[in-house]
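Each chain gets a letter, A, B and so on, in the order its sequence line appears, and its residues count up from 1. In this text, all values refer to a predicted model and were calculated from it rather than measured experimentally.
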2 protein chains.
Amino acid sequence: MATGRTHRPATRSRGIPEATVARLPLYLRALTALSERSVPTVSSEELAAAAGVNSAKLRKDFSYLGSYGTRGVGYDVEYLVYQISRELGLTQDWPVVIVGIGNLGAALANYGGFASRGFRVAALIDADPEMAGKQVAGIAVQHSDGLEKIIDENGVSIGVITTPPGVAQQVCDRLVAAGVTSILNFAPTVLSVPDGVDVRKVDLSIELQILAFHEQRKAGEEAEAQAGAAAVAQAAQEDNGKGPDGDVPAVMPA
Amino acid sequence: MATGRTHRPATRSRGIPEATVARLPLYLRALTALSERSVPTVSSEELAAAAGVNSAKLRKDFSYLGSYGTRGVGYDVEYLVYQISRELGLTQDWPVVIVGIGNLGAALANYGGFASRGFRVAALIDADPEMAGKQVAGIAVQHSDGLEKIIDENGVSIGVITTPPGVAQQVCDRLVAAGVTSILNFAPTVLSVPDGVDVRKVDLSIELQILAFHEQRKAGEEAEAQAGAAAVAQAAQEDNGKGPDGDVPAVMPA
DNA sequence: ATGTCTTTGTGAACGCGTGCACAAAGATGG
DNA sequence: CCATCTTTGTGCACGCGTTCACAAAGACAT
Ligand SMILES: NC(=O)c1ccc[n+]([C@@H]2O[C@H](COP(=O)([O-])OP(=O)(O)OC[C@H]3O[C@@H](n4cnc5c(N)ncnc54)[C@H](O)[C@@H]3O)[C@@H](O)[C@H]2O)c1
Ligand SMILES: NC(=O)c1ccc[n+]([C@@H]2O[C@H](COP(=O)([O-])OP(=O)(O)OC[C@H]3O[C@@H](n4cnc5c(N)ncnc54)[C@H](O)[C@@H]3O)[C@@H](O)[C@H]2O)c1
């Protein structure tokens, strides 16, 4: 999971579990697709399949929002779209700033999926004087000197960090000091923030490493299965060479 | 967490919990930084702080890998780097293909963080004939006609999908049919894959929506606190207007 | 009005992940 | 060799999330 929130102690938000909140956008996307096809109602079973989750889980998730279904029929699509949107706070517009307009920042700025759900790119900010004034995705890049002013004037509370990792923490600090209370961080850095500020991270490298782990495991199992079938007699030795600490490391501990 | 793996039933990989696996890359990053500063050993407390986790959790995580620490001293940095790398399968090179070389695909191709950890961009693939032959990040984009051949010849088992959502499933199907068993999906689509194939997704839009939820909650709490202090008498009415289903929806169910 | 049939909403059981707290291990100094 | 001090490794308890399974609710037909 490319995610990681920072600190949310006893105060679980009005009883809606975090795991449920994380799935609401998934339901919303599936419901929006149904809505566009003018489907009036949908059962938990159908919607769960579309969202790729268990139907019991979906029903329990919805039960935290209230009793919005009709037994024997299902859920009213339009009504649910509205309820979930409201719950997620998407009935209002959220101005967002992107800091660090390089490869990734520019790609994000060009991404149409932002605006479609109540998020509006209020400003693009970069420290490079060469970038200032340039148009990216139809928006003029502004120099980071004016960061505080930009945040303040646009009432921005959500910031996206796509700077190099080395400066991510200081950019984060400035954003927080300027009033930003939610940060989406693409830099491979552990950000520390004061209480009350949410940080989520998207880390490509971590995702790939997790995939590699499972990939290796699959390859290993395959090899084991083959070896096991071919030469059962050597099993003891094989196992010894493959155990948790069987390999001789390149570097030994002191 | 912008994540979501697909199906992993009873077979928990050699007893290493999924949550632990997801943190190993985090530890590895922190350890690599220490290694570059030639720090010989590190305590669980220090390393946990650097990785942004609880020290007990870190020790428990490491205990799944084996007893690699020394009581009273801590962990040997180089040794741990090696052990975690080996566990994650990063001691071998993983050829990766990126399919869909648009804004995002190009940004990923240009990203240096790939190669640094055993991942090698083996090929860039796009369906647009205009793209074919063009150089992106020093690699020639190839047309998707040759997808199967490319996968096969390079022994690719990890694929990254950065195509528009509408074609993501069919691209996924082709990748899987060609032999890819791990997929990192950036398209906002629920991919269905056969057993034995891992899918992880990175979904920017979901991350923002989760942030918006908490942001709204913070704003609401603030408003409630103010209102509560200012006018306790109106509390009952206020509460009624703010309850789980207090708002009148734009669309009513049938 | 009554019965049937579909589907929700949820009680309950279970398993996983987290964090506390501490005994054991080993380093270090005398 | 012994005492002290640091830090690991883990037993244990707790809470969250998931899933099963079913009673209750309502639609719909007769
Ligand atoms: N490109 C990817 O696919 C990718 C993938 C995963 C993670 N990342 C991470 O995302 C971040 C950005 O990646 P990128 O490839 O776009 O890098 P990049 O070098 O292309 O862009 C970084 C931008 O940040 C700007 N910048 C530097 N310091 C700044 C500051 N103090 N304030 C404001 N702006 C500043 C630079 O001028 C530059 O335009 C990096 O941390 C990278 O590790 C990128
Ligand atoms: N750009 C972002 O920041 C961003 C953020 C979140 C999600 N996404 C998602 O990532 C995906 C890519 O986004 P983008 O902005 O790069 O889009 P894009 O339109 O710039 O790029 C898509 C590329 O895919 C290629 N393509 C289309 N069909 C293909 C096929 N069948 N086989 C191979 N290639 C094909 C197109 O030729 C194009 O080059 C989209 O699904 C988008 O929703 C993008």
Side-chain angles (χ1 to χ4, degrees), chain A residues 1 3-24 26-27 39-49 51-77 79-80 83 244-245 253-254, chain B residues 1 3-24 26-27 40-49 51-77 79-80 83 210 244-245 253-254:
Chain A
M1 174 171 343
T3 111
R5 279 184 50 266
T6 316
H7 204 58
R8 175 90 9 213
T11 46
R12 210 178 56 184
S13 8
R14 212 214 297 148
I16 300 185
E18 191 58 30
T20 295
V21 173
R23 279 188 295 268
L24 290 181
L26 226 52
Y27 302 145
V39 177
T41 61
V42 65
S43 72
S44 63
E45 204 73 48
E46 292 166 322
L47 185 55
V53 302
N54 182 297
S55 71
K57 197 189 294 189
L58 177 142
R59 287 198 299 277
K60 181 143 288 189
D61 283 341
F62 286 174
S63 78
Y64 292 116
L65 310 184
S67 283
Y68 294 150
T70 306
R71 292 169 190 233
V73 176
Y75 299 90
D76 184 276
V77 172
Y79 186 63
L80 251 193
Q83 289 298 341
D245 42 13
Chain B
M1 166 180 126
T3 116
R5 279 181 53 264
T6 317
H7 204 61
R8 174 93 6 216
T11 47
R12 210 178 56 183
S13 10
R14 211 219 294 150
I16 299 185
E18 191 58 30
T20 296
V21 173
R23 279 189 295 269
L24 290 181
L26 227 51
Y27 302 145
T41 62
V42 66
S43 71
S44 63
E45 205 72 49
E46 292 166 322
L47 185 54
V53 303
N54 182 296
S55 72
K57 197 189 295 188
L58 177 142
R59 288 197 299 276
K60 182 147 290 189
D61 284 341
F62 286 174
S63 78
Y64 293 115
L65 310 184
S67 282
Y68 295 150
T70 307
R71 295 171 189 231
V73 176
Y75 299 90
D76 183 276
V77 172
Y79 185 64
L80 251 193
Q83 289 297 342
I210 296 172
D245 42 13

- request: Remember a base hit wins even if backbone is also touched, and classify A:Tyr75 as base, sugar-phosphate or nothing at under 4.0 Å, heavy atoms.
  value: sugar-phosphate
What is the distance, to the nearest angstrom, from the [atom1] atom on [X] to the [atom2] atom on [N]?
X	N	atom1	atom2	value
A:Leu80	C:dG9	CG	C1'	14 Å
A:Glu45	C:dT6	CD	C1'	12 Å
B:Asp61	C:dT18	CG	P	8 Å
A:Phe62	C:dT8	CZ	P	10 Å
B:Lys57	C:dA21	NZ	C1'	17 Å
B:Leu24	C:dG17	CG	C1'	15 Å
A:Leu47	C:dT7	CG	C1'	14 Å

query: Nearest nucleotide by nearest heavy atom, which residue falls closer to the 5' end of DNA chain D, B:Gly74 or A:Asn54?
result: B:Gly74
Distance from [X] atom [atom1] to [Y] atom [atom2], nearest 0.5 Å?
X	Y	atom1	atom2	value
B:Asn54	B:Lys60	CG	NZ	11.0 Å
A:Phe62	A:Leu80	CZ	CG	4.5 Å
B:Ile210	A:Glu18	CD1	CD	6.5 Å
A:Ser63	A:Tyr68	OG	OH	11.5 Å

task: Would you sort out whether B:Arg59 and B:Tyr75 count as a side chain to side chain contact (heavy atoms under 4.5 Å, CB included), showing the intermediate values?
output: CA-CA 10 Å; B:Arg59 288 197 299 276; B:Tyr75 299 90; 3.8 Å; yes
- line: For A:Thr41, the side-chain hydrogen bond (donor to acceptor under 3.5 Å, both in side chains) test, sequence neighbours excluded, returns none
task: For A:Thr20, check side-chain hydrogen bond (donor to acceptor under 3.5 Å, both in side chains) against everything at least two apart and list the hits.
output: A:Asp61
Phosphate OP1/OP2 of D:dT8: any B:Ser44 side-chain N/O under 4.0 Å: yes
Can you pull every protein N or O that's under 3.5 Å from an N or O on nucleotides 10-14 of chain D?
from   : atom 1 : to      : atom 2 : distance (Å)
D:dG11 : O6     : B:Lys60 : NZ     : 3.2
D:dC12 : N4     : B:Lys60 : NZ     : 3.2

Nearest listed nucleotide, side chain of A:Glu18, among D:dT18, D:dG17, D:dA27: D:dG17
